[in-house]
Structures are given as C-alpha cells and as structure tokens.
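Single-structure report; data block below.
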2 protein chains.
Amino acid sequence: MTQQAFQAHDHKSCIADGVAAAAQSCAARKLQLTKVRQRVLEILLSDHKAMGAYEILDVLRAEGLGSQPPVAYRALEFLTKHGFAHRIERLNAFIACSHLNDPHAPIFLICRSCNRVVEAESDPTKGEIGRAAQQSGFVIERAVREAEGLCPECADAA
Amino acid sequence: MTQQAFQAHDHKSCIADGVAAAAQSCAARKLQLTKVRQRVLEILLSDHKAMGAYEILDVLRAEGLGSQPPVAYRALEFLTKHGFAHRIERLNAFIACSHLNDPHAPIFLICRSCNRVVEAESDPTKGEIGRAAQQSGFVIERAVREAEGLCPECADAA
DNA sequence: TATTGATGTGTTATACTATACGGTATATCG
DNA sequence: CGATATACCGTATAGTATAACACATCAATA
C-alpha cells in the first residue's frame, strides 16, 4: 500500500499531483485529457470516496460541462480504460487511481461506515485467485478484489 | 476447488443434490424453503451460468409464480443471505452455491466467452486482501473476489 | 485543397437493475 | 386463541447504463 487514505494526509496534493501525473501520462501516450475528462478526474480526486456516475454528472451539470448521462460515462470510460480511475463493482461507483505509475491490479478496502476507499495493490495471478485459476486452467484477464468492512477509525469508534 | 463446472459432469445431480441439501439445511435452521425460493434455486442450479434477476423473473412469470421484480429479488435475497446462492458483483447476477456445506468465502472464475462461472473457495483473511487489510488496520466483513477471463475450453478454442 | 477517417461532444430515447411502500396471508409460539 | 414475525403480492419509482444519431474537430493524405 503506497497511500494511506484512512489516515490524515496532505489532501490538496492528491488532486494536484493526480492531475499533473495524468496530464503527463496522456502526453506521453498521445491521449487527449480533454476538459470534461480532466474535470471528472479532479472530481474523483477531490475525496477518497467512490462516486456514482450520476453524482459526478450533477457536478458537471452545475458547471455547464454536460448534462446527460453519456457525458459522465464517456469520461469515466476513458479514465478507467487508461488506468486513471477504477470502477468499484460492489458500489457501482468510481474512484481515482492512487497508483498513477504502472499498470497494476488494485485491491480496494471499502469502509461501510465513513465510505472512504483505499486502494492497495498486488499481483492477482499470485495469491488465492491465481491459485484457483491455475488449478482449473482458467486464464485471468481481469480480477475484481474488493473488501468491505470498517476502517481503523470507524472500527475504533464502534 | 471442490467442483469443476468447466468440465463435463453429471449435471442432473447438481440440481437434485443442490435442492436436497438446501431443503435439509433449511429444515435444520428453521428456514422456510418456500415454493418460489426453491424454484429460484432450481433455476439457478439448472446451469453453471450467472443469471440476472429479470432473467429469473421471466421464468417465474412463465410458470405463474410471480410477475413483478420484488418476487425474484426477495427470493434471491433469501438464497444469498443464507448461503444457497451468491451474487456476482461484476455481472449484477446470481449463481447457485456449489459448496452447500459450511460458511465460506467464495472466489468466482467467470468465462467471458461461454459465460460459465465456477466457484472456488478460500479464506479471504489470508492472501493478498487480508494482508492489505492488516497493514492498514482494516476489518474485513465481506470480500468480493471475482476473476474474469477464459475457461480452459474457450482458451483452447481461441 | 478536398477527402477521409478517427475521435470527441451533445442529445434523445430507452434498457437494465433494484428497492420503498402498502396491504394481505400464513406460520409460529406463548 | 391472540400476538408477533415472516412471507407474499403488486404498484410505483429510483438508480444505473447504453444505443443510436448528429455535429464538430483535427490530422493524414489523395
């Protein structure tokens, strides 16, 4: 785990750094980080919670950047496809990536009390899923690994 | 992995055994395996694919067992709550449990080509997710572990 | 320059997934 | 029996996601 969003940290830098890293990555890969895409990334970076597509759309709409669902979904598709954001299946929601470096296979820890989400990372072909796949000759292309529970603070409070 | 649904097997017994085991388990736990609940379980057992709630509802409707979404969702809630079926988050769909014995933490291998799904099993507190949680003091209550890819047969075909 | 193709945006309409709520019936148990 | 909980059904509505078509931009190229 390279980032501990359950703990206090310099959050402003999360946004600035995230956008800067994405911009650089897009430039290097000849991808277009357009206005809407960048704004959606900023919105996702603005906290460590997962946001629904319609929640994001509400923000875009208030800013005149688009009013219909496809606007949000298209931006989210771009961001997730290129690794700048991830989809949390359990929540039908999206979150900015916290490992904007290399291709990676995220694990998410979702606090059901404060709704914060932390992204960890580890090779899915290793571990239990990989072992199960190997036993049956299954070829993994994508792995969903999400844990739901209580973050340290909420666990203490309870 | 105690069952290899990617391979040929006596499928009729999947249904019969599954229903019998569920009936027995319900009796022991004083749960009501009502007509609709049992029928939904049979439908899920009838193949090793995940089925959407509305797909199940279509069958119920054709049989006069109910016509509105809540009918299917209520039965599915019962079945998943008591471990007779599982929800596949990645697919917004449901599948019969193949380990009708003890409480367990399933792993699913989803073939994107033939849509078959196999359930494996292993303790989620161990392995990568547990390690990530432990590092941050996160308390896991439920884990989603789903791999998408190609089953042996479809991988060979490709 | 004119054409073409690829990509992005905007909008309308619709499909798919899921639950809240109100009312009735049935089971269980003191 | 009466009380409580559980299951049921249906209506209505909420929440999530995509198909399809029109228009704009830009880069490569005939």
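Throughout, protein chains are lettered first and strands after them, A, B, ... in sequence-line order, and every chain is numbered starting at 1. This is a predicted model, so every value here is computed, not measured.
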Anything under 3.5 Å between a protein N or O and an N or O of nucleotides 5-8 of chain C, put it in a table, one pair a line.
from  : atom 1 : to    : atom 2 : distance (Å)
C/dG8 : OP1    : A/R37 : NH1    : 2.8
C/dG8 : OP1    : A/R37 : NH2    : 3.2
C/dG8 : OP2    : A/R37 : NH2    : 3.3
C/dG8 : O5'    : A/R37 : NH2    : 3.1

Rounded to whole angstrom units, what separation is found between the [atom1] atom of [X] and the [atom2] atom of [N]?
X     : N      : atom1 : atom2 : answer
B/E77 : C/dT17 : CD    : C1'   : 15 Å
A/K30 : D/dC26 : NZ    : P     : 17 Å
B/R61 : D/dC9  : CZ    : P     : 13 Å
B/Q68 : D/dT11 : CD    : P     : 6 Å
B/I88 : C/dT17 : CD1   : P     : 14 Å
A/I56 : D/dA17 : CD1   : P     : 10 Å
B/L76 : D/dC8  : CG    : C1'   : 15 Å
A/L57 : C/dG10 : CG    : P     : 11 Å

Note to self: Taking B/L57's backbone N and O only, do any of them form a donor-acceptor pair with B/Q68's side chain (distance below 3.5 Å, no angle check)?
What the structure shows: no

Check: Under 3.5 Å, side chain of B/S25 to main-chain N/O of B/A21, donor-acceptor pair present?
Finding: no

Item checked: Gap between atom CD1 of B/I95 and atom NE2 of B/H48 - 0.5 Å precision -> 8.0 Å

Item checked: Point-to-point distance, once rounded to the nearest 0.5 Å, from CD1 of A/I43 to CD of A/Q38 -> 11.0 Å

Item checked: Below 4.0 Å: OP1/OP2 of C/dG10 and any side-chain N or O of A/S67 -> no

Check: Are the charged groups of A/E42 and A/R39 less than 4.0 angstrom apart, N to O?
Finding: yes

Margin query: Using 30° and 60° as the class boundaries, would you call the ring planes of B/Y73 and B/F94 parallel, tilted or perpendicular?
Written below: perpendicular

Show the distances under 3.5 angstrom between N or O atoms of the protein and N or O atoms of nucleotides 18-20 of chain C.
from   : atom 1 : to    : atom 2 : distance (Å)
C/dA18 : OP1    : B/R87 : NH1    : 2.8
C/dA18 : OP1    : B/R87 : NH2    : 2.4
C/dA18 : OP2    : B/Y73 : OH     : 2.9
C/dA18 : O5'    : B/Y73 : OH     : 3.3
C/dA18 : N7     : B/Y54 : OH     : 2.6
C/dA18 : N6     : B/Y54 : OH     : 3.3

Note to self: Considering every strand and a 4.0 Å limit on heavy-atom distances, what is the contact class for B/L65: base, sugar-phosphate, or nothing?
What the structure shows: sugar-phosphate

Next item on the list: List the atom of B/H86, the atom of B/C97, and the distance in Å for their closest heavy-atom pair.
Entry: NE2-SG, 3.3 Å

Note to self: Could you report the tightest heavy-atom contact between A/F78 and A/C26, atom names first, then the distance?
What the structure shows: CZ-SG, 4.1 Å

Check: Which of these passes side-chain contact (heavy atoms from CB on, under 4.5 Å) with B/F108: B/E119, B/R145, B/E148, B/E89?
Finding: B/E119

Notebook entry, point to check: Where each residue is assigned the nucleotide of DNA chain D containing its nearest heavy atom, which of B/A75 and A/L91 is assigned the position nearer the 5′ end?
Noted result: B/A75

